[in-house]
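One structure below.
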There are 2 protein chains.
Amino acid sequence: MSSEDLTGDELVEILSALANPLRVRIVAVLAGGRDYVSHLAREIRVSRPVLHMHLKRLEAAGLIAGSLELSADGKAMKYYEVTDFCLTLTPSNLAAAAATLTPSDPLKNPPKNSTREENP
Amino acid sequence: MSSEDLTGDELVEILSALANPLRVRIVAVLAGGRDYVSHLAREIRVSRPVLHMHLKRLEAAGLIAGSLELSADGKAMKYYEVTDFCLTLTPSNLAAAAATLTPSDPLKNPPKNSTREENP
DNA sequence: GACACCTGTCGACTTTTCCTGACAGGTGAA
DNA sequence: TTCACCTGTCAGGAAAAGTCGACAGGTGTC
């Protein structure tokens with residue numbers, strides 16, 4: 001996973017996934033070895049609902065990957081591990097990514113007063 | 001500016017500064033050349049108060065630098081330009097940064113039900 | 001004087017993010 | 001059955017982020 005292969009939106013999603021101390025810590029722990037949700041929650045002292053949300057966010061960004069497995073005694077365990085990503089952030093790199101950004105979301109701008117269309 | 005020189009908190013600040021489409025676009029425009037606030041606001045179609053906030057955020061993260069100058073006709077112009085940063089994000093890199101994170105903020109956890117310390 | 005341009009800040013509003021507590025299901029062991 | 005462990009989800013509220021409009025100051029030109 002390299003910086004050049006990403007669209008601007010994907011890059012922002014990755015960056016906002018990493019823009020949180022707790023999520024950085026999650027990635028850090030998983031970088032030391034794969035782990036399952038409940039154990040990870042005890043490891044970093046957070047509740048499982050919170051951890052579950054952050055794991056989903058990290059997985060959606062493609063930074064970690066989860067797999068549901070069955071342990072030796074038949075219990076379902078969801079193991080997560082990091083994907084070996086490598087992003088390089090430089091001004092020119094960001095400029096290239098910005099060129100592929102969604103153009104300022106026409107979905108959420110106009111519902112205000114739209115009196116500018118009659119005056120080009 | 002390299003990834004290894006940063007503390008975990010600084011890294012999170014940089015990441016959260018970049019975790020926004022508008023701010024990525026600001027950096028992208030400034031990567032093409034320095035610019036002053038009002039012109040930049042027209043360039044990317046945002047109001048000046050909004051742009052001002054985002055510029056402060058980017059400057060606080062050390063990604064851009066502003067300098068107040070006087071134009072030829074005596075007007076005060078605040079020019080911003082990008083600093084040539086270069087961050088590399090990898091799992092091991094994040095693990096190293098996580099080791100220097102502020103330890104989960106003891107300032108904002110306890111103010112819930114504290115039946116043990118009604119008398120400090 | 002009025003106007004156009006530049007700089008900044010303030011309060012109020014809406015939206016998003018984050019956390020909590022309680023809930024649902026499942027398995028195996030005492 | 002009861003317990004301990006595993007999985008997931010839901011509504012509710014607190015905090016932060018983002019946006020908007022109006023305000024303050026400055027300069028120079030018509």
Side-chain angles (χ1 to χ4, degrees), chain A residues 12-13 15-26 34-61 66-80 104-116, chain B residues 12-26 34-61 66-80 102 104-114:
Chain A
V12 170
E13 186 176 11
L15 258 25
S16 67
L18 254 23
N20 183 292
L22 189 51
R23 286 196 286 265
V24 169
R25 196 170 291 130
I26 291 173
R34 63 206 297 267
D35 202 351
Y36 61 95
V37 182
S38 287
H39 184 255
L40 190 57
R42 287 188 296 260
E43 199 77 10
I44 55 186
R45 301 279 184 67
V46 291
S47 64
R48 257 180 307 110
V50 169
L51 180 60
H52 188 260
M53 172 205 294
H54 290 309
L55 289 174
K56 268 206 316 185
R57 208 137 152 56
L58 288 170
E59 189 174 27
S67 63
L68 190 63
E69 304 178 10
L70 269 70
S71 70
D73 54 346
K75 288 179 183 171
M77 325 272 280
K78 183 132 191 190
Y79 277 91
Y80 278 96
S104 72
D105 287 324
L107 298 168
K108 38 186 306 191
N109 278 339
K112 287 295 171 60
N113 50 353
S114 56
T115 53
R116 61 169 168 75
Chain B
V12 170
E13 186 176 11
I14 290 178
L15 259 24
S16 67
L18 255 23
N20 182 292
L22 189 51
R23 287 196 287 265
V24 170
R25 196 171 291 130
I26 291 173
R34 63 206 297 269
D35 202 351
Y36 61 94
V37 181
S38 287
H39 183 256
L40 191 57
R42 288 189 295 261
E43 199 78 9
I44 55 185
R45 300 281 184 65
V46 292
S47 65
R48 259 179 307 110
V50 169
L51 181 59
H52 188 262
M53 172 205 294
H54 290 308
L55 288 174
K56 268 205 315 185
R57 207 134 152 55
L58 287 169
E59 190 174 27
S67 63
L68 190 63
E69 304 178 10
L70 269 71
S71 70
D73 54 346
K75 288 179 183 172
M77 326 272 280
K78 183 132 191 190
Y79 277 90
Y80 278 97
T102 300
S104 73
D105 286 324
L107 298 168
K108 40 187 306 191
N109 279 339
K112 281 300 166 57
N113 51 355
S114 55

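Naming: A, B, ... by sequence-line order, numbering from 1 per chain. Side chains are part of it too, since the values below use all heavy atoms of this structure and drop only hydrogens, waters and symmetry mates.
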Between [N] atom [atom2] and [X] atom [atom1], what is the distance in whole Å?
{"X": "L70(A)", "N": "dG26(C)", "atom1": "CG", "atom2": "C1'", "value": "10 Å"}
{"X": "R45(A)", "N": "dT20(C)", "atom1": "CZ", "atom2": "P", "value": "13 Å"}
{"X": "L22(B)", "N": "dA17(D)", "atom1": "CG", "atom2": "C1'", "value": "13 Å"}
{"X": "L40(A)", "N": "dC5(D)", "atom1": "CG", "atom2": "P", "value": "17 Å"}
{"X": "M53(A)", "N": "dA11(D)", "atom1": "CE", "atom2": "P", "value": "13 Å"}
{"X": "K75(A)", "N": "dA4(D)", "atom1": "NZ", "atom2": "P", "value": "12 Å"}
{"X": "R48(A)", "N": "dG21(C)", "atom1": "CZ", "atom2": "C1'", "value": "12 Å"}

If only side-chain N and O atoms of [X] are considered, is one of them under 4.0 Å from the OP1 or OP2 phosphate oxygen of [N]?
{"X": "S47(A)", "N": "dC19(C)", "result": "no"}
{"X": "R57(A)", "N": "dC18(C)", "result": "yes"}
{"X": "N20(B)", "N": "dG18(D)", "result": "yes"}

Handout entry: Identified side chain to side chain contact (heavy atoms under 4.5 Å, CB included) counterpart of V50(A) within the set L55(A), I44(A), L22(A)
Key = L22(A)

Practice task
Would you mind telling me which residue lines up with the more 5' stretch of DNA chain C, R23(A) or V37(B), judged by nearest nucleotide?
Solution key: V37(B)

Practice task
Determine whether more than 12 heavy atoms belonging to other residues, nucleotides or ligands lie under 6.0 Å from atom CZ of R42(A).
Solution key: yes

Exercise for the section: For V46(A), answer base if it contacts any base atom (sugar-phosphate contacts may also be present), sugar-phosphate if it contacts only those atoms, and nothing otherwise; contact means non-hydrogen atoms under 4.0 Å. Expected result: nothing

